[in-house]
Amino acid sequence: MGDFVHLHLHTEYSLGDSIVRMDALMDEIKNFGMRAVAVTDHGTLGGVHKFWSSAKQHGIKPIIGCEIYVNGEEKKRNHLTVIAKNKNGYLSIVKALNSMAKSGKKFLEDKDVFEMKDVMILSGCMNGKIPRFILSGEISKARNTAQSYLERFGEDFYIEIMRTGFKEQKDLNMDLLDLAKELNIKVVATNDIHFIKKTDALSHGLFVSMGRNMRWDGTFAYGSDEYYLKSPDEMKVLFDDLPSAIENTLEISSKCTDYDLKPDLNLPLLSEDDCKTIRNAIDLEKLDDQKLTRVKKELKLIESKRFCTYFLTVSNIIRIAEKLGILIGPGRGSSVSSLVSYLLGITSIDPLKYDLLFERFLNESRTGDPDIDIDIEDDQRGTLISALSQNYGVDHIAQVGAYGTLGSRAVVRSAGKSLGLSDRVIEDIAWRVSGYGTISEALSKNQELKKISQSVELRNLMDYSVKLEGLVHHKTTHAAGIIISKEEIKDKMPLTFDGQRWITEFDMESLADLEVTKIDLLGLKTLTNIKDTLGSATREDLMRIPIDDPRIYDILRKGNTVGIFQLESTSATSLTKKLSPENFNDVIALLSLNRPGPMYSGVADEYVRRRHGGSVMKDDFGLDSILKDTYGMMIYQEQIMKIANDVAGFSGEKADMFRKSISKKDPVLMEELRSDFVKGCVANGYVESKALRLFETISNFASYGFNKSHSVAYAYITVWTAYLKATKPAEFISSLMNSNISEPAKLLMYEKELNKLSIKLLPPDINESKTFFYSDTKAVRIGFAAIKGVGTNLGRVIEEERSKERFENFQDFVSRTRKKINVKALESLILSGTFDSTDPNRKYLMDNLEMIVDLASGGLKIIQQQLFENGSKASLPSSENYPDYDLNEKMKLQRQYLEIGLNLANSDGFSRVIESGFGKVSFQIFENEGKIFATDGENEVAFSYSEPLKEGETYEGDFIYKNGNMILSKLTKSSEKTYIYIKDPTEMQEYMQRIVEMKGHHVIFKFEDLSLTLDDKTLKEEEY
Ligand SMILES: [Zn+2]
Ligand SMILES: [Zn+2]
């Protein structure tokens, strides 16, 4: 059985060309009793680690290779199969492909191939150089090429023979065999695998069409269904006249040793002795006793674990960022608990001030570099990475790559398109499969989907989608991760190059498995907002903001949380109001409690109760000193560690293990630690029953516990945003609006916030607006980019042209910008009111737009001339007494392009409902002391409605105001649910068509007193 090895095989990492998944592949290889298999993806080694580890897991010998592209005649790329014999050979292919990528070329030269070491060369498929020469009748060229490979690679060069059913293949193979005989070259049988089973051939055909965005003709991709993983027996039968071609696969396999894919990268040393550099940088002499003891303890571990270079690298990255004026966060995660981090400027918080435990971050059990993540302004990542490239050298830094896979909806859309289905049908199915783990799950749980997918039209779509779902689809870049190394990364692992920077072909998981140290630079919008608000700001400036300023707590207590970091959601707002923070300590607790665990368990409420004078049960464990800041409650992981340390006598390392086992609810480890814990307590004078009770208390509370280090750091950002909102509200909200410039709903929310703060929102104005929102202290001006159909690029065009001279009027504007601005954008500008200051009659401009643009081709002068040429061919009507849209129409039209800045007299809201007795309102639901309230951003009302609404969602509905009572009479829309009111069930079909447009929405039909929920996407006919 096992006497054949497949040496030419494409996995899903041959993007868009193969549907072979690693685990399924290995299962089949094992099934056939084969002991080894090779991977030869198209021009990439991106999948080799996944391949290697899957093979290892299945007990299969992995052989690593690549079907590379080599320069051919007439710009044709030739295919060539290269197989690495060992790590050196693998690296040899890596280097060749990486230098090709960097030079921007799409193929290698012959000489690049000849320079490869420890590789074996197979002559390739029909697109190989030698086969191509033969096919075009140039036998002597084919012979010369073969000769040159033979000279260079000798025993390691093979002529590749495929029998995959191509017409031309028969003659080609005869010539190849003649050539092999003549030059005494060994032959090897391969099958160019693109799918695993023969029955997968059509799925593969469709998949290839999907990748090319083409309509599928219903046939196999390469003219036959033979490109599957044939069994050794099938291969032997296929090559029964050529047994050596089969035997040679074993020879090739035996020439390959195991590969060590680890790139063995090291962080660049900053000095000869990085540990000494840290000691010098910290200046131990200046520290007080407490700090000195702590630093010594931390350094002992850092030095013994050889983490010095890591700390210096992170601190260096931050220094480089700050030199560029990029704002860095105060810290995040457990690294905030390190005093060394603080003293090196990695974090900006003194951990001793907040009782943060170093062991929560690092202890003896740590293997591999620590993990310090850096928050940075979200729009400055590129700038920083470029600067790091300069600092460390382009070849010493890479961004972490990632792969996108075909999700349920994506596969339905893409397959549906290639199958030629209508958009309506495709969107309907895409909607129905969403919200489930997989399409198969959707089919098993959703009876209606199952039923409709039996139809002839849809059967194919569903069958193929199930087969192709989850395949690797495209390459992207990880949002945060970078790697930095002393060595040139391009010599160590497969990469791509985007013109400026390297991107790894291995994804995050593979890199972690290969022990590559990754540093995360996380973009944080709020940092951008803070810097925008202040014009310029360093972290040091921010640390000087008085965190006990009463204005901060005034804002929080009132629940004015729009724009406040981490507290914007409705549930957070409601908790903020309840907790009513008075100091920084309260904010730290607030951030820790604002998570599902503490919220749903009642821990958050209990904390609020105790915070505001509710009785605190004295614990008889003697934990007061540890729990006094949290009113006798355990809410921080650090507290659990401290108890284990103080009471049970656990070491810092063991206390962290204890903390981990509890938060991960690891029953085995917990059982183990329980007896240790009790023993330790007893040794410290506890009776056993009390020790057991303490252990139970901890294991109950701990699952809600949070990392205090992280909360402390983020609490700083929270109070900074509150401080800015209190002191520079216009600038702050303006910056928030810029961060959300393409999200109308958010802009509306911020407009309401401005209103609340009595800050004016000025309309867009052709002579006053900039691309983005900007503010003086009393007003915010709407930016061009907020107008639908305008965008930042056009905004900049307008600003640039205006910098030469202000625009006199609309015609002047058109004549000066017409080459850069299309008619659609002009309509957006007119209807959003951007020309109101120069040309207040919007209807006049719209009605005569075409003519104005026409005339502008000749410039302003011609327009003016023609204006006075009475009766000539093109003349504009006079704008005097020209009727404009009425106010309602104007607002309706404006709303299509710009939802903010509408005349408030026309805006909907509770005040209007109260005024006129009824009206339509967009509102959010929140709960306060057991009562349900709604807010339109301005007012809050208690109201009644027959069914419960979920908190924190945005809804739209009609309200009636009667005798001081607010009644929600009809709910029309929520962000998740759409309610459709029908008079007659026969209207269902008609509405079903419309649902298709409501991508991803859950739909509820209302018919008299009955409601029909499409929440589970199942239409139950018997319900009506
Ligand atoms: Zn090929
Ligand atoms: Zn191939």
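One-based numbering, in listed order, for ligands and for the atoms of each.
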Between Y227 and H204, does the ring centre distance come in under 6.0 Å?
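Between H204 and Y227, which both carry aromatic rings, the centre distance is not below 6.0 Å.
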Please find out if less than 6.0 Å separates the ring center of W216 from that of Y464.
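They qualify: ring centres under 6.0 Å apart.
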Protein N, O or S atoms at less than 2.8 Å from the Zn ion (ligand 2), how many?
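My tally for this metal is 4.
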Apply the side chain to side chain contact (heavy atoms under 4.5 Å, CB included) test between Y90 and each candidate in D260, V119, L261, I83; give the one that qualifies.
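Of the listed options, the one satisfying the test is L261.
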Holding to salt bridge (Lys or Arg N to Asp or Glu O under 4.0 Å), I want the full list of residues that pass it with D23, two or more places apart in sequence or in another chain.
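Checked D23 against salt bridge (Lys or Arg N to Asp or Glu O under 4.0 Å); zero matches.
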For the pair S99 (side chain) and A96 (backbone), establish whether a donor and an acceptor sit closer than 3.5 Å, ignoring hydrogens and angles.
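Yes, S99 side chain to A96 backbone: donor-acceptor pair under 3.5 Å.
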Please state whether the rings of F114 and F153 are parallel, tilted or perpendicular, taking 30° and 60° as the class boundaries.
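Aromatic pair F114/F153 classed tilted.
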